[in-house]
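Only one structure is covered here, and it is reproduced in the block below.
Just so it is clear: chains get the letters A, B, ... in the order the sequence lines come, proteins before strands, and each one is counted from 1. Hydrogens, waters and symmetry mates are skipped; everything else that's a heavy atom, side chains included, is used. The model shown is predicted, which means the values in this text are computed figures rather than measured ones.
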2 protein chains.
Amino acid sequence: MKQPTRTKTRSKAVQSKAPKSKIAQTSDQGLRVPATNFTIEDVANAAGVSVATVSRALRDLPNVAPSTRQKVLDVAQELHYVVDPTASRLAAGKTRTVAVAVPVLDAWYCAKVVAGIEAVLKESDFDLLLYAVTNESERSRFVAGRGAWWRRSDAVILVDICLFEEEAMRLADSGAAVVTIGTELAQFSSVRLDEMNSAREATEHLIAGGHRRIALLKGDPLVGQFRVPLYREQGFFEALADAEIEWVPDLQISGGFSIDGGREAMRALLSLDEPPTAVFAMSDEMAFGALHELQRQGLSAPDDVAIVGFDDHDISEIFGLTTIRQDVEAIGAAAARMALASVSRTGDQSLFEPERVVSPTKLIVRRTS
Amino acid sequence: MKQPTRTKTRSKAVQSKAPKSKIAQTSDQGLRVPATNFTIEDVANAAGVSVATVSRALRDLPNVAPSTRQKVLDVAQELHYVVDPTASRLAAGKTRTVAVAVPVLDAWYCAKVVAGIEAVLKESDFDLLLYAVTNESERSRFVAGRGAWWRRSDAVILVDICLFEEEAMRLADSGAAVVTIGTELAQFSSVRLDEMNSAREATEHLIAGGHRRIALLKGDPLVGQFRVPLYREQGFFEALADAEIEWVPDLQISGGFSIDGGREAMRALLSLDEPPTAVFAMSDEMAFGALHELQRQGLSAPDDVAIVGFDDHDISEIFGLTTIRQDVEAIGAAAARMALASVSRTGDQSLFEPERVVSPTKLIVRRTS
DNA sequence: TTGAAAGCGCTAACAA
DNA sequence: TTGTTAGCGCTTTCAA
């Protein structure tokens, strides 16, 4: 028969006290948290019950006598006992952790999303594993099959990560609950904006201001299923079409969603034979760069070129930037809630209908238009 | 005798193939990653060796015949086998994870630090658990004893988290390697700026510009051992003293390190009977707020009030803000490297001398001064 | 060089 | 209501 080596040293007689050997190491230092880590077995011995009972009591499961539960709680408290999350995970198969993947960490948008997610997870005592999935190779490693998050998290939230259909299928097979932000895939729950109408509204605002030569400051070339730039583009074009404005290809330029990119793009636009009188930037950060370039050339918005951005970045108000406001933290929070919901659902994840949330946006008119 | 229920179904005869039952579920779908998760035992069976050998082979341990190792590697590859990190942690006691605690997630500074940390951890295949430790109660829960990170991470990096001596001692006892950013504690390795001299340089720059009525835009009231504001303050005062400028208490005001706070503070300063002619803001974001308020009142920098910030935020250049530049990502990266170094060190952590890095800063003169 | 087997600390059937 | 015990999937002596 199996011989419980470790336990053997502990006397059954010890009742409402922790095993002698371990307590000794703690001594009577009062405040200090013991360097020794007690196990569930220590608690069981000290409380005079079985480990199973301790486990139940600590997790508020039914079928534990109130007095027993209290006893266990007291002992655990006294011993500063905390369940080892790793052991718990191994035995129960739950990690109480969600993995979050973002394309960049130090962009305003991503930081806000993560903040929104974290706040919600914290309420449920879930941990957050953070991954920057910056390029193609990182993405495919993360997504296909067993990324680092695998078996370390119950759910994964993809923030503006573009997936190919095949990758999506693999992810769906991974056993984790998946929620996407910014993209929408057949298999997963998602939260996104009504990109098209938001972009259309921004563009219509410019048109209403009398502009007919409007440039589009876009993001990078697309990969996978990251459709955000496409949708915004579509809204932009529809607005033009409705106003019967002819589209000039030269006025479409990429700014890579960055400040620097916006600056470069604006420079290019201004050097055109016939520069635009207005610019719709797909992100506020690109708009900042554009404003900067205007300023450098002694020009200003809206006098020389009107500008509308997208996001309502914390700093946009200072620039007086007209923009489309979105509540990024709320988006993160919503995604986190979906993730928690799927995790707590029992049964095969693929049997549940993906949930879809469209977060509202609002045109904020300021001075640059 | 112990009866291996699960294993029993697998025939010993199966040699260089995975157990029939599991393979069957995968079928011959080619690309799809099998829904079934293989275990080390499956690999062992398929390779015709013991689990111990698989474990050794996979971790590049010595005492494995080259041919055996290759065999194991091949089989593992074929089965898409990936070690379960949880089980591995439980058995080996290493998590390959570091916990990062920041006071806020959506501040420019914190996002950059986290980005720096993440980039380094990724290189070593370490995961990053992210925690926002916003208030006193969260801090004490995180730090004292067994926070959520406990036993889930080998190291913890505290970003501008203020600790009381007692809390630091508990943390030191926790068994995790600890690195602090922004603060310096006796027990832990740290990376910080030369706050005092940086602040002094900023102030001296203002004084050199002829200013004698200089306001100080500080952070919040202090808690624990978060000394950054104190050090910057000290540098500021020393510069004043050196120039024999008398200090006016009214000119010292808190802006909570936020844009809004900076705006409020500037408003208060401007409503003074004798407003300052210059402001040293302890962060660029507060400086942005201050600039905004100036602008609102039809004033500008440096004509009406000169402003110097601290950080060199991505957007500072656009505002033409004179500031103290720090390389925040590098700071995060340095801290991460220290954390990895301590983790890989064997033996009692407390026996090692804490490492201390002071990251350089630089005064960037622009238009606001 | 390899394998057998005892854990790591917990959860969850199943018995009692 | 409580206890016993077989795992969870891996690492690590200790033998062979």
Can B/Arg139 and B/Glu136 be said to form a salt bridge (Lys or Arg N to Asp or Glu O under 4.0 Å), step by step?
CA-CA 5 Å; B/Arg139 191 209 50 228; B/Glu136 295 273 319; 3.4 Å; yes
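Looking at A/Trp149 and B/Asp127, their side chains never come closer than 4.5 Å, going by heavy atoms from C-beta outward. Contact of the B/Leu128 side chain with the A/Tyr131 side chain is not registered, since no non-hydrogen atoms from C-beta on lie closer than 4.5 Å. At a threshold of 4.5 Å between non-hydrogen side-chain atoms, the residues A/Ile161 and A/Phe142 do not count as touching. With contacts defined as side-chain heavy-atom distances shorter than 4.5 Å, the pair B/Arg96/B/Val343 does not qualify. By the 4.5 Å heavy-atom criterion applied to side chains, B/Arg89 and A/Asp84 are counted as neighbours.
B/Thr86 has no side-chain polar atom (N or O) that falls below the 4.0 Å cut-off from OP1 or OP2 of D/dG9. Contact between the side-chain N/O atoms of B/Ser50 and the OP1/OP2 oxygens of C/dA4 is not found at any separation under 4.0 Å. Residue A/Ser55 places at least one side-chain N or O under 4.0 Å from the OP1 or OP2 atom of C/dT11. Side-chain N/O atoms of A/Thr53 include none lying less than 4.0 angstrom from OP1 or OP2 on D/dT2. Side-chain N/O atoms of A/Ser88 include one lying less than 4.0 angstrom from OP1 or OP2 on C/dT11.
Nucleotide C/dG9 holds its P atom 14 Å from the CG atom of A/Leu79, rounded to whole Å. The separation between B/Leu61 atom CG and D/dT11 atom P is 9 Å, rounded to whole Å. Spacing between atom CD of B/Glu41 and atom P of D/dC10 amounts to 9 Å, rounded to whole angstrom units. B/Asn45 has its CG atom 12 Å from the P atom of D/dC10, to the nearest Å. The distance from atom NZ of A/Lys94 to atom C1' of C/dG9 is 19 Å, rounded to the nearest whole Å. Per the geometry, CD belonging to A/Gln70 stands 13 Å off P belonging to D/dT2, to the nearest Å. At whole-Å resolution of the value, CG in B/Asp84 and P in D/dG7 are 18 Å apart. Atom pair B/Asp42:CG and D/dG9:P shows a separation of 9 Å (rounding to whole Å applied).
End-to-end axis angle of the helix from C/dT1-D/dA16 to C/dA16-D/dT1, using five pairs per end and rounding to 10°, comes to 40°.
The only option from A/Gln70, A/Gln77, A/Lys71 that meets the side-chain hydrogen bond (donor to acceptor under 3.5 Å, both in side chains) definition with A/Asp74 turns out to be A/Gln70.
For C/dG9, the base has no donor-acceptor partner in the side chain of B/Arg89 [N/O atoms by modelled type, under 3.5 angstrom]. Between the side chain of B/Arg56 and the base of C/dG3, at least one donor-acceptor pair of N or O atoms lies under 3.5 Å.
Within the nucleic acid shown, A/Arg69 has no heavy atom closer than 4.0 Å to any nucleic acid atom. Across all strands shown, B/Ala52 has heavy atoms under 4.0 Å from base atoms, whether or not it also approaches the sugar-phosphate.
In this structure, A/Thr97 OG1 and A/Arg151 CZ are separated by 14.0 Å, a value rounded to the nearest 0.5 Å.
Listed candidates were C/dT2, C/dC10, D/dC10. Nearest to the side chain of B/Thr68 is C/dT2. Of the listed nucleotides (D/dG7, D/dT1, D/dT11), D/dG7 has the atom at the smallest distance from the side chain of A/Ala91.
When each of A/Ser67 and A/Leu90 is assigned the nucleotide of DNA chain D bearing its nearest heavy atom, the one mapping closer to the 5' terminus is A/Ser67. Mapping B/Asn63 and B/Arg151 onto DNA chain C via the closest heavy atom, the residue that lands nearer the 5' end is B/Asn63.
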